[in-house]
Amino acid sequence: MKKNVKRRGAGRPGKDRPNGALLLLRAGQSAFARHGFEGASLRGIAAAAGVDPALAAHHFGSKEALWEAVIERFALYLAPYVAELRELQTQTKIPIRVRIETAFRQLISGVCGEPESGMLISRISAERGEKLDLLVEKLVRPYHDAFEPLLQEAMREEVIAEQPLEMLYFMLLHAVTMSVSFRHVLGYFGEPYEDLERLKRDMTQCVLATFLEKPSSNLSRRRTL
């Protein structure tokens with residue numbers, strides 16, 4: 001005798017994927033990073049997340065709403081890093097060289113925690129428009145506004161060479177984000193960086209050596225004034 005099985009209504013998402021929203025957010029972020037907003041589709045995102053397309057409609061309703069949710073999730077991830085940078089601004093008893101090194105290390109660690117961030121910024125920047133406006137408002141500007149005062153102070157104290165501030169910030173940001181997002185390309189020229197811890201270590205060494213003045217040069221410069 002067959003058991004009565006309660007069938008779900010057409011178009012309703014199943015209840016066997018309790019983490020469906022999170023899976024969709026992660027798949028959405030990856031799709032937007034790789035294909036841009038216009039190139040990504042809600043159906044393709046659902047397939048990548050391994051869920052029924054009806055679940056995407058149930059949770060988000062539209063690709064636009066999913067995009068906004070992806071950015072909000074990213075903003076929540078970024079918030080502690082922004083707060084730490086603001087705290088570093090207030091810790092004036094700690095030498096600025098120590099604080100700016102901490103900020104550099106924090107940037108690298110944060111980007112390695114979301115390796116597709118550089119790809120996302122790059123793709124959406126190419127499309128411009130409202131999607132880029134939202135990305136800048138929620139992600140790029142808060143971090144920029146928290147980081148720049150530290151760079152300014154470091155230049156005043158000759159820990160960083162004097163140079164155009166905005167150019168310095170964006171060169172630093174893109175050097176880190178793009179190197180992490182496209183680390184697979186390094187495999188064409190040397191050992192690929194599959195280990196993110198090794199990547200963080202080597203990148204930190206390069207960033208500190210490239211963007212910070214050597215203490216000895218600072219000292220000799222002051223003596224000549």
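Starting from 1, each residue takes its place in the sequence as its number.
- Side-chain contact between M155 and L168 is present, with at least one heavy-atom pair separated by less than 4.5 Å.
- Residues L165 and L150 are members of one and the same hydrophobic cluster, defined by side-chain heavy-atom contacts under 4.5 angstrom among Ile, Leu, Val, Met, Phe, Trp and Tyr.
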Tell me, with the steps shown, if I160 and E213 meet side-chain contact (heavy atoms from CB on, under 4.5 Å). CA-CA 5 Å; I160 293 177; E213 292 273 36; 5.6 Å; no
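- In this structure a side-chain-to-backbone donor-acceptor pair under 3.5 Å is missing from R26 to A49.
- When side chains are defined from C-beta on, L23 does not count as touching L55, because their heavy atoms never get closer than 4.5 Å.
- The two atoms that bring G20 and V51 nearest to each other are CA-CG1, 4.5 Å, heavy atoms only.
- Between the side chains of E153 and Q89, no donor N or O sits under 3.5 Å from an acceptor N or O.
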Compile the donor-acceptor pairs under 3.5 Å between side chains in residues 169-181 and protein atoms, sequence neighbours left out, one pair per line.
| residue | atom | partner | partner atom | Å |
| --- | --- | --- | --- | --- |
| Y169 | OH | H144 | N | 3.3 |
| T177 | OG1 | L173 | O | 2.9 |
| S179 | OG | A175 | O | 2.6 |
| S181 | OG | P115 | O | 2.7 |
| S181 | OG | G118 | N | 3.2 |
| S181 | OG | M119 | N | 3.1 |
| S181 | OG | T177 | O | 3.2 |

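- Looking at heavy atoms from C-beta onward, R156 lies out of side-chain contact with I96 at the 4.5 angstrom threshold.
- Atom OG1 in T210 sits 11.0 Å away from atom CE in M203 (nearest 0.5 Å).
- T102 has its side chain within reach of E84: a pair of non-hydrogen atoms, C-beta onward, lies under 4.5 Å apart.
- By the 30° and 60° cut-offs, the orientation of the rings of F147 relative to F104 is parallel.
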In sequence, state the C-alpha distance, the side-chain angles, and the governing distance for L107 and Y81, and then conclude on side-chain contact (heavy atoms from CB on, under 4.5 Å). CA-CA 8 Å; L107 169 61; Y81 292 94; over 6 Å; no
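- The side-chain heavy atoms of F74 and L120, taken from C-beta on, include a pair separated by under 4.5 Å.
- Across all their heavy atoms, A46 and P53 have their closest contact at CB-CA, 3.7 Å.
- Looking at K200, its side chain never comes within 3.5 Å of a backbone N or O of C112 through a donor-acceptor pair.
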Would you check, one step at a time, whether the test side-chain contact (heavy atoms from CB on, under 4.5 Å) holds for L196 with R183? CA-CA 10 Å; L196 281 178; R183 62 193 181 279; 3.8 Å; yes
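- Enclosure of atom CZ in R198 by more than 12 non-hydrogen atoms of other residues, nucleotides or ligands within 6.0 angstrom is indicated.
- With sequence neighbours excluded, the residues forming a side chain to side chain donor-acceptor pair (under 3.5 Å) with E116 are S30, R34, listed by chain and number.
- To the nearest 0.5 Å, the span separating CD1 on I71 from CG on L134 amounts to 5.5 Å.
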Pair E127-R123, salt bridge (charged side-chain N to carboxylate O under 4.0 Å, His left out): steps then yes or no: CA-CA 7 Å; E127 292 183 7; R123 290 289 187 188; over 6 Å; no
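- Considering only heavy atoms from C-beta on, E114 comes within 4.5 Å of R73 through its side chain.
- Between A65 and F60, the closest heavy-atom pair is CB-O, 3.0 Å.
- Atom CD1 of I45 sits about 7.0 Å away from atom NZ of K63, to the nearest 0.5 Å.
- Side-chain contact between L208 and R105 is present, with heavy atoms from C-beta onward closer than 4.5 Å.
- A donor-acceptor distance shorter than 3.5 angstrom exists from the side chain of R99 to the backbone of L88, with no hydrogens or angles considered.
- Nearest heavy atom pair, residue A56 against residue L24, reads CA-CD1, 3.6 Å.
- Cluster membership for F211 and M167, using ILVMFWY side-chain heavy atoms within less than 4.5 angstrom, is not shared.
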side-chain contact (heavy atoms from CB on, under 4.5 Å) evaluation trace for E191 with L186: CA-CA 7 Å; E191 185 179 352; L186 293 170; over 6 Å; no
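- Summarising the geometry, atom CD1 belonging to I100 is positioned 13.0 Å from atom CD1 belonging to I94; distances are rounded to the nearest 0.5 Å.
- A distance of 11.0 Å separates CD1 of I124 from CG of L139, quoted to the nearest 0.5 Å.
- Not a single donor-acceptor pair under 3.5 Å links the side chain of Y77 to the backbone N or O of E72.
- To the nearest 0.5 Å, atoms CD (Q163) and CG (L151) are separated by 8.5 Å.
- In this structure, P142 and V82 approach most closely via the heavy-atom pair O-CG1, 3.9 Å.
- Across every non-hydrogen atom of L212 and E101, the tightest pair is CD1-CG, 3.5 Å.
- Legend: residues meeting side chain to side chain contact (heavy atoms under 4.5 Å, CB included) with E64, ordered by chain and number and at least two apart, are F37, S62, E68, K131.
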